[in-house]
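The sequence lines fix the lettering, A, B, ..., with proteins before strands; numbering per chain opens at 1.
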Number of protein chains: 2
Amino acid sequence: MSDATLVFQPEGKRARGAVGSTILEAAKSVGIDIESPCGNRGTCGKCRAVVREGRQCLSEPSALEARALTVQDRESGYRLACITAIMRTGTIVVEVPNESRLARQRLLVAGIQPPVELCPALTKLFISMTRPTLTDVRSDSQRLLDALAAQHNVRADLAYEAVKELAEAVRQQDWKVTLTVYKEREVTWVEPGDATTSAYGFAVDIGTTKVAGYLLDLNKGAVVATSSMMNPQIPYGDDVITRISFTSKEPRNLWTLHRLIVEGINKLVREACRSAGIDPRHVHEMVTVGNTAMHHIFLNISPKYVAMAPYPDCLGSAIDVRASELGVEINPGAYVHSLPSVVGFVGADAIADIIATEIYKAKEPSLLIDVGTNAEIVLGSEDGLLACSAPSGPAWEGMQIRHGMRASTGAIEKLWIDHESLEPSYKTVDDARPTGICGSGIVDAVAEMLKAGIIDRRGAVVNGLRTGRIRRLEGVSEYVLARTNETGTGKDIVITQKDIREIQLAKAAIYTGAYVLMKRQGVTPSKIGKFYLAGAFGNYIDLQSARVIGLYPDVSLDRVRFVGNAAGAGARMALLSTRIRDLARELASKVEYVQLAAYPGFREEFIKATLLPHEDLSRFEDVRGLVTGD
Amino acid sequence: MSDATLVFQPEGKRARGAVGSTILEAAKSVGIDIESPCGNRGTCGKCRAVVREGRQCLSEPSALEARALTVQDRESGYRLACITAIMRTGTIVVEVPNESRLARQRLLVAGIQPPVELCPALTKLFISMTRPTLTDVRSDSQRLLDALAAQHNVRADLAYEAVKELAEAVRQQDWKVTLTVYKEREVTWVEPGDATTSAYGFAVDIGTTKVAGYLLDLNKGAVVATSSMMNPQIPYGDDVITRISFTSKEPRNLWTLHRLIVEGINKLVREACRSAGIDPRHVHEMVTVGNTAMHHIFLNISPKYVAMAPYPDCLGSAIDVRASELGVEINPGAYVHSLPSVVGFVGADAIADIIATEIYKAKEPSLLIDVGTNAEIVLGSEDGLLACSAPSGPAWEGMQIRHGMRASTGAIEKLWIDHESLEPSYKTVDDARPTGICGSGIVDAVAEMLKAGIIDRRGAVVNGLRTGRIRRLEGVSEYVLARTNETGTGKDIVITQKDIREIQLAKAAIYTGAYVLMKRQGVTPSKIGKFYLAGAFGNYIDLQSARVIGLYPDVSLDRVRFVGNAAGAGARMALLSTRIRDLARELASKVEYVQLAAYPGFREEFIKATLLPHEDLSRFEDVRGLVTGD
């Protein structure tokens with residue numbers, strides 16, 4: 001036996017850990033999900049765990065840990081779970097603090113959806129067959145196809161999955177069956193009796209962070225249930241690049257992430273079907289959208305080269321794959337249809353955004369920003385569309401922020417700072433004691449600190465202010481949002497100088513992306529007819545704060561439309577109509593992709609955009625008066 | 001622990017057997033294959049095993065065993081392994097005699113094959129692609145399809161299995177790849193560099209008893225290796241009906257037999273590829289033929305209703321199923337093409353027979369009999385074809401014959417009886433000591449006994465003959481072919497009255513089938529231009545003996561053509577040419593099926609045909625002089 005016993009507190013769950021494996025691996029083995037956005041490289045410092053007993057069984061603290069943990073933390077027994085290895089047998093007691101856990105989060109599944117004329121890929125047709133006799137011994141399959149042709153004038157092939165069910169299905173209700181006919185060319189399922197009213201489909205938006213599912217009645221075109229979850233791949237990296245590099249390390253890693261998302265989607269299907277009282281076997285098609293990397297991984301296709309210049313994707317076009325081939329547990333004959341992508345990082349989710357917002361038929365220039373770990377940005381109208389992808393990073397999801405967290409219970413989501421006293425006040429999700437700060441809170445914090453003069457337009461914390469809220473720890477300035485006695489973690493919650501830098505980089509990425517597109521088209525902010533803000537974060541953001549920090553070009557607030565999960569809406573529309581799929585294919589080849597890195601002057605623009613709201617204040621006339629520091 | 005320990009002799013293999021399970025199941029669990037042609041019903045008496053120790057741990061001998069085993073056998077410890085259950089824990093020592101084992105057998109893989117113009121379903125095409133650049137960021141898949149269209153004028157889709165390989169394959173040899181293009185419409189595989197010369201296919205004939213595989217070079221149209229095996233489903237029943245009823249008992253049984261044959265075929269592929277030095281991933285297509293039940297089970301489709309009047313098959317048409325979906329281990333993108341069937345019991349093997357013998361273009365009436373557990377019989381010419389299926393049973397394979405065995409080492413395959421002394425002489429396979437008698441030996445035995453006057457034309461053993469070779473045991477007459485001191489089993493080898501009855505029924509089935517077809521067409525034996533005798537048994541049979549017992553209509557011997565495994569030849573031809581597949585489809589709809597049971601006067605004809613050679617000697621003028629008994 002070369003295993004140690006690990007006891008995880010406060011649950012008291014016990015795990016076995018082989019010598020050479022890590023605390024994080026042992027925790028995972030018993031279902032305790034510890035954050036590790038950096039992909040187990042020991043660099044993000046998110047997977048902190050306190051070793052209560054058995055330190056002697058573990059590897060010595062490394063230089064990486066010295067960098068990520070304070071002296072005080074290290075003395076209290078904090079380790080990084082992802083790189084702390086078990087060295088010998090014994091009992092190790094580990095406490096996993098709340099802030100290191102992947103918590104349940106408020107997820108956005110709602111969103112706009114323009115009306116769609118019903119035209120699904122499948123129809124369910126009822127047929128009545130004659131019985132075989134000694135003088136008519138046609139095979140069951142031929143008999144069925146003949147009846148389909150005679151009664152519905154449809155000439156189709158029989159899918160193998162349907163053939164397997166055939167013999168029993170036709171005999172169960174006296175040779176009366178319902179056929180699921182896909183695109184009028186293939187019978188994908190056979191079931192006894194008249195089941196024409198049970199035609200469902202499932203649309204999925206596979207986000208880097210969130211996965212949202214929608215169960216639709218294909219006869220009525222209505223959503224009958226929704227379900228959502230955190231992307232179960234998160235323990236392997238918070239952002240797309242970390243996950244891609246994980247899949248590239250060794251071949252089975254792609255399979256690991258592929259299975260995680262497939263299992264996750266299966267869970268969404270089960271949940272939605274349970275709440276609607278529907279058998280998952282009546283889900284006859286699935287449509288998925290997602291960024292290119294998420295799509296590739298879902299399809300078990302290596303996304304490796306998507307992350308390498310010039311970033312070509314492997315599969316650009318739409319594809320139909322049999323659900324059973326992917327391990328997706330809906331009707332065995334069903335297909336999974338994945339929407340096409342524009343190119344590399346501008347994926348099927350961007351196409352779905354365009355479809356849902358209908359900016360392809362706008363009369364005046366429209367801007368769309370889908371804020372996420374990768375921000376998709378589209379500019380255009382009926383005259384043409386430009387798109388780019390801005391790798392803004394996961395700061396909006398609370399990642400790479402000292403006390404960042406997702407918008408779950410206890411997250412500071414709104415924040416104000418008194419300009420005189422420099423004292424903050426805040427609102428948390430569910431009004432719980434604060435345990436961290438989520439994306440909208442961070443945007444507020446930076447905007448408020450700027451307006452209160454705590455930071456200057458370069459993002460630097462101003463020295464010599466008369467307040468106990470600002471302090472320097474190990475050479476880094478930080479502003480205390482909430483003190484130990486008021487928090488739910490028993491520790492101060494702060495915004496550090498480094499956090500502010502993260503936000504500056506993240507917002508500069510998005511702003512510059514939008515700016516480059518507008519520049520290319522010769523469109524100024526005042527010309528933008530509608531500005532669609534999509535994505536969960538976009539929906540909760542304070543628009544004024546976002547404008548103060550310069551997250552997006554200075555478009556008048558009355559032009560803004562919050563569209564929620566527009567990618568999910570686009571997926572639903574494609575599920576309901578093959579005409580929308582034709583449109584998606586058309587858009588995928590028509591939308592012009594702008595490679596930001598290749599744009600002349602991009603770096604300079606980006607650097608100018610890291611200022612708050614921007615180096616060039618003339619671009620932010622509306623907020624000029626609010627930002628005094630310089 | 002409620003398991004007993006079983007020790008199987010002479011190997012000394014140890015197995016655990018749960019209380020309630022049988023000796024046969026325990027034997028199977030350690031790879032000892034015991035025959036059980038009756039499907040574990042305790043009726044065939046083939047699974048005899050000697051319990052050496054631990055009788056008290058086993059169930060009491062049942063009435064079935066009293067019927068199948070002699071008093072002497074029972075006293076020696078013989079039990080039927082399939083119905084003897086473990087009742088309590090302990091150690092049980094069981095000896096499995098040679099005659100109860102599934103032995104390796106001489107298998108026929110050769111056969112005729114008319115020349116075929118090469119026109120395979122797939123072609124391998126080499127393409128050279130340009131690299132992606134910042135100004136040409138098409139997806140890998142689009143780039144590949146564009147190059148295919150430009151360089152070969154082929155517009156195809158990409159199979160999902162190919163997409164998965166794509167990214168690595170194109171980069172391995174500088175964007176030069178070989179595509180496997182199926183029917184000019186689908187790219188099923190992508191591999192680096194120029195691999196156009198490595199295009200192989202595999203043809204399989206799935207017989208009830210034997211499975212034969214052929215590895216073909218699709219560029220040259222040549223067989224490069226063959227392999228064969230006993231059908232691994234045999235332990236679940238010797239004949240089609242027993243296996244069908246096994247699959248109908250509970251749902252997982254179909255899966256069990258399906259997996260057995262798929263695993264068996266995978267083994268054939270590995271063996272053939274190893275001997276030819278070829279990577280199984282270069283096998284890009286498989287074509288299968290077999291009777292309807294074998295085909296259904298291979299495809300994991302229930303054959304239940306094939307065995308129930310009016311015997312419709314579930315799938316009649318040809319079908320392409322992705323190899324990976326069936327678990328067939330060849331190229332992951334490859335298809336398995338199954339040829340169509342005529343109807344119910346007249347399966348794809350009959351179609352393959354017709355293709356290989358080319359009787360569909362014969363000028364004069366031709367007769368084809370593929371002798372097997374189910375005999376396929378076809379009569380016709382270019383003017384039309386009739387077909388029927390005769391359930392002759394597995395007596396030809398040595399089943400249901402007291403000392404019957406397959407044509408493996410020690411089987412008596414030729415036999416003569418001196419008309420004066422009534423003493424036999426024989427030849428065995430490999431000239432080993434006799435251990436039983438195979439199909440051709442049984443036909444000889446019956447013919448010789450008839451000619452020597454040991455049996456009369458009704459098949460009854462004649463009383464009062466002066467020879468020590470004939471004796472009565474427990475009321476049943478038997479003729480001793482070989483005595484204890486000369487055999488390899490240490491026991492007499494006999495032909496019993498019951499064995500003769502089996503042969504009478506089996507040959508009557510085939511004769512009547514052929515007779516009915518000829519009657520329908522108004523064709524007499526003298527009009528038959530060519531008489532094709534197919535199947536392994538057919539190839540080793542003594543034609544004169546077969547005629548003496550009346551196995552087939554009295555066609556002149558010079559018209560007979562031995563065609564060996566014609567079904568396998570037809571499968572090879574279909575693998576080499578899609579035109580042959582078109583022909584198969586055409587034949588499947590054109591061949592007229594004759595339902596023997598529905599033919600007026602069938603029963604009477606059948607009864608008359610049980611006589612040797614026939615009640616009506618005028619139908620066997622050529623042998624009239626040889627058969628004196630009456």
Selection from Glu168(A), Gln595(A), Arg138(A) maximising heavy-atom pairs under 4.5 Å formed with chain B: Glu168(A)

What closest approach, in Å, do Pro132(B) and Pro312(A) show between heavy atoms, and which atom pair accounts for it? CG-CG, 3.9 Å

Between SG of Cys314(A) and CG of Leu166(B), what distance do you get to the nearest 0.5 Å? 4.0 Å

Using 0.5 Å steps for rounding, measure from the CG atom of Leu158(A) to the CG atom of Leu315(B). 8.0 Å

Flag yes if more than 12 heavy atoms outside Lys590(A) fall under 6.0 Å of its NZ atom; otherwise flag no. no

Side-chain contact test, heavy atoms from C-beta onward, threshold under 4.5 Å: evaluate it for Arg322(B) versus Arg322(A) and give yes or no. no

Rounded distance (nearest 0.5 Å) linking atom OG of Ser302(A) with atom CD of Glu165(B): 10.5 Å

To the closest 0.5 Å, what do you measure between NZ (Lys304(B)) and CZ (Arg171(A))? 8.5 Å

Relative to chain A, which segment of Leu299(B) carries a heavy atom at a distance below 4.5 Å: side chain, backbone, both, or neither? both

Heavy-atom side-chain proximity of Val163(A) to Ile319(B) below 4.5 angstrom: yes

Euclidean distance, Asp313(B) CG relative to Ser141(A) OG, rounded to 0.5 Å: 7.0 Å

More than 12 heavy atoms of other groups within 6.0 Å of Arg259(B) CZ: yes

Correct closest heavy-atom pair for Ile301(B) and Lys164(A) would be CG1-CG, 4.0 Å

Heavy-atom proximity to chain B below 4.5 Å, by part of Ala167(A): both

Taking the side chain as every heavy atom from C-beta outward, state whether Tyr160(A) and Leu326(B) have any atom pair closer than 4.5 Å. yes

